[in-house]
Amino acid sequence: MARTRATTTPHTPDRSAVRTLLRLWPYVRPARLRLFTAAFVAIVASGTGLVIPLVLKWLVDGPVADRDTGGVWLGALWLLLLGLAEALLFGLRRWLVARPLSHVEASMRAALYERLQRLPVAFHDRWPSGQLLSRATADLGLLRMFLAFPLTFLLVNGVTILIGVVIMLLQDWTLGLVILGPVVPVIVMCVYFENRYAVVARRAQDQVGDLTTVVEESVLGIRIIKGFGRHRSQARAFRELSSTLRGTELRKARLLATIWAVIVTLPELAIGAALVLGAVQVADGELSAGTLVAFLSTALALRWPVDSIGFLLAMSQEAATATERYFEVMDELPEDPGGTGAHTTTGAGDAGAAAGGGLCFSGVVFRYPDAALDSPPTLDGVDLHIRPGESMALVGATGSGKTTLTALVPRLHEVTAGRITLDGEDITALPREELRARVAVAFEEPTLFSASVGENVLMGADDRAGSAELARALEVAQADFAHALPQGVDTQVGEQGLSLSGGQRQRLALARAVVGQPRFLVLDDPLSALDVHTEAAVEAALRQVLADTTALIVAHRPSTVLLADRVALLSGGRVTAVGTHHELLRRNAEYAHLMSGTGRQEDDR
Ligand SMILES: Nc1ncnc2c1ncn2[C@@H]1O[C@H](COP(=O)(O)OP(=O)(O)OP(=O)(O)O)[C@@H](O)[C@H]1O
Ligand SMILES: [Mg+2]
């Protein structure tokens, strides 16, 4: 299971984490007031912590030196109150950020989901679903954590360190300079660490996406895996990916451990040096004991802000990576709403055909965006005119491009050249929504959603359609079995519900296609899973529906072809023959061969 394609765009190491994170601002904006207040509260809390050493100094040099018990009690009371205030303020901060941040996460997730719905099919062909899933879950979780914690605390701890250093320098500037000694090496290490960590963090998050893809495929393909006894190889693929991920996570941990060691050790050494130096000065009478106590307890109060910088930076880096991955999807261009007529036509001599009604393909060329450049296009100049109210069967060898052609009509893919018109109107000139309301489709793979039978079928109509339309559509599609389900048309189907047979699902998909009484119907082999008798019954019912609908029906079997008024043969990327079934049987050898039932022509062009 090679999944190398999955890891999308290569990481650019020179991107700035700050610039990336700034892109979050539009989402964070609504929560800005709370976030700023929270940061302010945290700074005040931290400041309160820094007052404690000053009280200590007063206590040591004042009441303790004077053996004034009352003063000591008073000082102790102050210390207690200050400690309490600090704790309360930090609690307040947490309360302030929790709710608005879950809103931020939810709105980002909603935006991502909406974008995924509006991105073209070509995008979804290209991106493994696990990568999208991990972005919507793991990455957004990381971002919420970042906004709740590292974002505020990088600021708060920075300010705390600054205030603390000023206090220490004011107490005794020589000792202060000793404490400041490690600043330069620590900063250098942090910058170096940031760059290394960014690369590894990105790799880890991409690998989570790959792993998600494997898990998802294994769950969806569980029947095939079991049927072919592939669970061992599947488990091996999973183990390999997860051990790669583990390796990456270990590298992250090692990097973090290194930086942490530096950040913790160097200041510790500086504090030790200051202690020795300070003690000597106190002994010489150059420094009051209270000042030394205040100095050292300030230095100790700064230990957590300094120590935390390592993992705060790491978390910020992960958040930057998550942001990057989020916007890789958000920056993809969605389908334009259509109706601009921006698409230029290259088909020549199509004016005459376009003037007619119905569904008209002229000079349609299509090449899949990810196809090899030297391969011929899948469709290479398709000309076909389906008259209004006519139903046309589309026949061709497997792999000849029938499904591809049907997908072009609702603009699931865009034609490379040429044009398609509905009643004389270029489909690129129609708003997508209107186009898709006019054209109903049913595909080879009948997809049902986790919803009731009725909801699945009514998806094909506008909101006005109700039970009458539903009943009629079920009847046309010979899907009466739906009424016999445990809860009738309210029975839940799809992944979360009752399992239906392939033919049952196909009939529901067909019902969905006809329920809106569309003007144009595009069916991709809609009856392939039905037995001959059911197929005949569906055909008889469809005939009535098709009477005033223009339809393009992909067919493999003569019985399905007979449903249509005429047949078109797709071969070599073009329509090579059009006529009635009987005409083509007589005139066209390839058609006769395809329909002869002596086995399908299994060539892929
Ligand atoms: N998403 C895609 N990206 C690249 N190539 C594709 C894609 N989908 C299909 N193709 C290729 O386009 C060609 C036509 O495929 P298509 O599905 O249209 O055939 P078909 O006529 O519907 O076949 P069948 O009768 O088996 O359903 C095939 O060679 C296929 O490999
Ligand atoms: Mg097909």
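Atoms within each ligand, like the ligands themselves, are counted from 1 in listed order.
Residue contacts with ligand 1, taken as heavy atom pairs separated by less than 4.0 Å, involve Asp125 solely via side-chain atoms from C-beta onward.
Close contacts of ligand 1 with Glu444, meaning ligand atoms under 4.0 Å from a residue heavy atom, involve 24 (P), 27 (O). Heavy-atom proximity to His556, at under 4.0 Å, picks out these atoms of ligand 1: 25 (O). Within ligand 1, counting atoms from 1 as listed, the ones closer than 4.0 Å to a heavy atom of Thr378 are 12 (O), 13 (C), 14 (C). The distance from ligand 1 to the heavy atoms of Gly401 drops below 4.0 Å at these ligand atoms: 14 (C), 16 (P), 18 (O), 19 (O), 20 (P), 21 (O).
Nearest residue to atom 26 (O) of ligand 1 from Thr398, Thr406, Asp370 is Thr398 (criterion: closest heavy atom). The residue among Thr404, Asp525, Leu570 with a heavy atom at the shortest distance from atom 15 (O) of ligand 1 is Thr404.
Applying the 6.0 Å contact sphere to CZ of Arg566 captures more than 12 heavy atoms from other residues, nucleotides or ligands.
The two residues Pro388 and Thr550 make their nearest non-hydrogen contact at CA-OG1, 3.5 Å.
Residue Gly399 places a heavy atom less than 4.0 Å from ligand 1. Ala371 does not count as a contact of ligand 1, since none of its heavy atoms falls under 4.0 Å from the ligand.
Partner Pro120 forms a side-chain contact (heavy atoms from CB on, under 4.5 Å) with one of Arg411, Glu414, His413, Glu335 and no other, that one being Glu335.
Judged purely by atom type and a 3.5 angstrom limit, Arg419 has no side-chain atom pairing as donor or acceptor with the backbone of Asp426.
Comment: Arg236 does not engage Glu240 in a salt bridge, judged by the lack of any side-chain N to carboxylate O separation of less than 4.0 angstrom.
Distances from the Mg ion (ligand 2) show that Thr404 has no N/O/S atom below 2.8 Å. One of the N, O or S atoms belonging to Glu444 lies under 2.8 Å away from the Mg ion (ligand 2).
The cationic group of Arg23 lies under 6.0 Å from the six-membered ring centre of Phe327 and within 45° of the ring axis, placing it in a cation-pi geometry.
Between the side chains of Gln207 and Arg203, no donor-acceptor pair of N or O atoms lies under 3.5 Å.
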| task | Carefully, step by step, assess Gln205 and Arg135 under the rule side-chain hydrogen bond (donor to acceptor under 3.5 Å, both in side chains). | result | CA-CA 9 Å; Gln205 272 148 282; Arg135 280 160 218 244; over 6 Å; no
